[in-house]
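As the structure is a prediction and not an experimental result, all values here were calculated from the model.
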Amino acid sequence: MRVLLTGAAGFIGSHVHSGLSAAGHEVVAVDAMLSAAHGPAAAVPHGVRHVDVRNPDTLDVLLRGIDVVCHQAAVVGAGVSAQDAPGYASHNDFGTAVVLAAMDRAGCRKLVLASSMVVYGEGRYYGEQCGAVEVGVRRRADLDAGIFDHRCQETGELLTWGSVGEDAPLRPRSLYAASKLAQENYAAAWATATGACVTALRYHNVYGDGMPRDTPYSGVAAIFRSSLEAGQAPQVYEDGRQTRDFVDVTDVAAANLAAVQQPLPGFVALNISSGRPITIGEVASALAIARGGPDPVVTGRYRAADVRHIVADPDRARRILGFVAQVDPIEGLTRFASAPLRAAAGVGAPTV
């Protein structure tokens with residue numbers, strides 16, 4: 001097939017590019033090369049065109065003869081300032097809307113969309129006495145007292161986390177999350193209006209070769225890795241027992257390949273995860289052990305807006321896409337401890 005791949009020079013996009021090409025697909029690879037993602041002087045990689053997807057005239061030319069669009073282009077990270085909002089809205093939401101309109105003009109009806117687990121906000125919780133509970137923001141008094149797990153407001157009991165399926169409520173809690181949900185909403189509405197196929201891949205915590213070095217927008221694995229490289233102990237927030245799902249970027253690339261080759265009717269969202277939960281403390285320890293220390297420090301510090309637990313249910317992706325992650329998180333993170341990272345990374349969200 002002939003695939004238009006946006007964000008092809010990025011951390012995940014570059015792996016998707018390699019995977020699609022290795023499978024024999026003809027890839028038209030584009031990237032806006034934003035300094036916030038690539039650094040101010042990054043060269044456009046070989047085989048990638050310097051294209052901003054917000055330019056409809058360019059997209060009209062690129063989409064001729066395209067069978068499927070694999071849309072990875074996005075500004076990433078939770079955002080560190082309310083001033084980041086226009087950048088997220090412009091590149092993620094408006095950019096996606098421009099892509100969808102151009103696909104409609106070109107008659108291209110197959111889209112693979114890079115989404116994220118951040119659309120869920122908090123995960124799923126239940127108590128022995130109160131059953132399933134929809135939680136809100138944790139109480140600052142509890143956080144100050146070192147009580148980091150959610151409580152049931154009726155019984156006061158500490159709640160236990162459960163895995164999150166794709167039909168869970170979507171409650172974004174960051175600027176980035178709001179923009180990813182908007183992307184999904186635009187794509188779902190477009191699929192309904194045009195009869196198109198959209199597979200939204202909700203990536204969980206992605207790590208691996210070529211991940212950007214430590215910036216305010218980096219994932220926690222890269223931040224821990226940067227601390228260890230500097231001879232400093234990784235600083236683990238809360239009690240280190242907050243739980244996530246870490247998925248290797250090679251598995252994410254494999255999920256994209258499967259989604260490109262197997263279009264699903266209508267709009268379908270899928271968790272892309274390892275299916276093997278791991279705590280943030282375990283992530284820090286695995287990296288520290290692999291690099292020979294220093295040991296992580298559990299600080300007890302917190303960010304009030306952070307989610308406590310978010311762990312994926314990977315069953316739907318296995319059943320309908322045939323995707324099962326191959327990399328165990330501990331083994332993958334051990335390799336990541338010495339993997340090559342991006343030498344140049346940006347220092348903030350882009351301007352509009």
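- A salt bridge links E238 to R138: at least one charged side-chain nitrogen sits closer than 4.0 Å to a carboxylate oxygen.
- In this structure, A29 and G47 approach most closely via the heavy-atom pair CB-O, 3.5 Å.
- Between L228 and Q232 there is no side-chain heavy-atom pair separated by less than 4.5 Å.
- Salt-bridge annotation for K180 and E184: absent, with no side-chain N of the basic residue lying under 4.0 Å from a carboxylate O of the acidic one.
- Shown here for A288 and P296, the closest heavy-atom pair between the two residues is CB-CD, 3.9 Å.
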**OP:** Dump the intermediate steps for side chain to side chain donor-acceptor pair (under 3.5 Å) on S90 and R54, then the final yes or no.
**Re:** CA-CA 8 Å; S90 178; R54 296 173 298 175; 2.5 Å; yes
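- Heavy-atom minimum distance, A114 versus Q72: CB-OE1, 3.4 Å.
- Counting only distance, with no hydrogens or angles, the side chain of Q262 and the backbone of A259 share no donor-acceptor pair below 3.5 Å.
- Taking a cutoff of 4.0 Å between a charged side-chain nitrogen and a carboxylate oxygen, R335 and D328 do not qualify as a salt bridge.
- No side-chain heavy atom of I278 sits less than 4.5 Å from a side-chain heavy atom of T243.
- In this structure, OH on Y176 lies 4.5 Å from OG on S116, to the nearest 0.5 angstrom.
- Using a 4.0 Å cut-off between a side-chain N of Lys or Arg and a carboxylate O of Asp or Glu, R276 and D245 do not qualify as a salt bridge.
- Checked by atom type and distance alone, the side chain of D52 never pairs as donor or acceptor with a backbone atom of N55 at under 3.5 Å.
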Subject >> Steps toward side chain to side chain contact (heavy atoms under 4.5 Å, CB included) verdict (N205, V247) >> reply: CA-CA 6 Å; N205 294 70; V247 58; 6.0 Å; no
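- Ion pairing of D60 with R105 is present here, as a side-chain N (NZ or NE/NH1/NH2) and a carboxylate O approach within less than 4.0 Å.
- Taking the side chain as every heavy atom from C-beta outward, V30 and T58 never approach each other to under 4.5 Å.
- Scanning both residues, A284 and V236, for their nearest heavy atoms gives CB-CG2, 3.7 Å.
- Under the 4.5 Å side-chain criterion, counting only non-hydrogen atoms from C-beta, Q183 is not in contact with Y186.
- Side-chain contact between I272 and R202: absent, with no pair of heavy atoms (C-beta onward) separated by less than 4.5 Å.
- Interatomic distance, CH2 of W161 versus CZ of R308, reported as 12.0 Å (0.5 Å rounding).
- Using modelled atom types and a 3.5 Å distance limit, the side chains of Y120 and N271 yield a donor-acceptor pair.
- Ion pairing between R316 and D167 holds under the 4.0 Å rule for side-chain N and carboxylate O.
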Original post:
Step by step, would you call H25 with C70 a side chain to side chain contact (heavy atoms under 4.5 Å, CB included)?
Top reply: CA-CA 12 Å; H25 298 290; C70 189; over 6 Å; no
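- Note: the hydrophobic cluster containing V133 does not contain F148 (ILVMFWY, side chain heavy atoms under 4.5 Å, direct or indirect links).
- With hydrogens and angles ignored, the 3.5 Å screen pairs no side-chain donor or acceptor of E157 with any backbone N or O of T155.
- Side chain of Y88 to backbone of V76: a donor-acceptor contact under 3.5 angstrom is found.
- With a 4.5 Å cut-off on side-chain heavy atoms, Y237 and T299 count as touching.
- Aromatic ring pairs are classed by plane angle as parallel below 30°, tilted from 30° to 60° and perpendicular above 60°; the pair Y207 and F336 is perpendicular.
- Taking every heavy atom of both residues into account, L159 and D149 meet most closely at O-CB, 4.4 Å.
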**OP:** Please lay out, stage by stage, how V220 and I280 fare under the test side chain to side chain contact (heavy atoms under 4.5 Å, CB included).
**Re:** CA-CA 8 Å; V220 69; I280 297 299; 4.1 Å; yes
Subject >> Derivation of the side chain to side chain donor-acceptor pair (under 3.5 Å) call for Y203 and N256 >> reply: CA-CA 11 Å; Y203 304 153; N256 275 276; 3.0 Å; yes
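- Side chains of V61 and D57 form no contact here, defined as non-hydrogen atoms less than 4.5 Å apart.
- In terms of modelled atom types and a separation under 3.5 Å, the side chain of D209 and the main chain of A339 share no donor-acceptor contact.
- S274 and V327 make their closest contact through CB-O, 4.4 Å (heavy atoms, listed as atom of the first residue, atom of the second, distance).
- For the pair D104 and R109, the salt-bridge criterion is met [side-chain N within less than 4.0 Å of a carboxylate O].
- The shortest side-chain heavy-atom distance between V3 and V260 falls under the 4.5 Å cut-off.
- Proximity of a side-chain donor or acceptor of H71 to a complementary backbone N or O of L111 within less than 3.5 Å is not detected.
- For the side-chain contact (heavy atoms from CB on, under 4.5 Å) with R124, the qualifying choice from D313, I310, V311, V164 is V164, the only one to do so.
- By the neighbour-count criterion of 12 heavy atoms within 6.0 Å, atom CD of Q153 is sparsely surrounded, having that number or fewer from other residues, nucleotides or ligands.
- Looking only at distances, a side-chain donor or acceptor of D248 sits under 3.5 Å from a matching main-chain atom of T250.
- The side-chain contact (heavy atoms from CB on, under 4.5 Å) test with T96 singles out one residue from D93, L100, V98, and that residue is L100.
- Distance alone, capped at 3.5 Å, places no donor-acceptor pair between the Q235 side chain and the V297 backbone.
- Taking the salt bridge (charged side-chain N to carboxylate O under 4.0 Å, His left out) definition, one finds that E122 meets it with R173, sequence neighbours left out.
- I330 CD1 to F246 CZ: the interatomic distance, rounded to the nearest 0.5 Å, is 10.0 Å.
- By the rule that hydrophobic residues join a cluster once side-chain heavy atoms approach within less than 4.5 Å of another member, F267 and L270 end up as members of separate clusters.
- Using a cut-off of 4.0 Å between Lys/Arg side-chain N and Asp/Glu carboxylate O, D315 and R319 are scored as salt-bridged.
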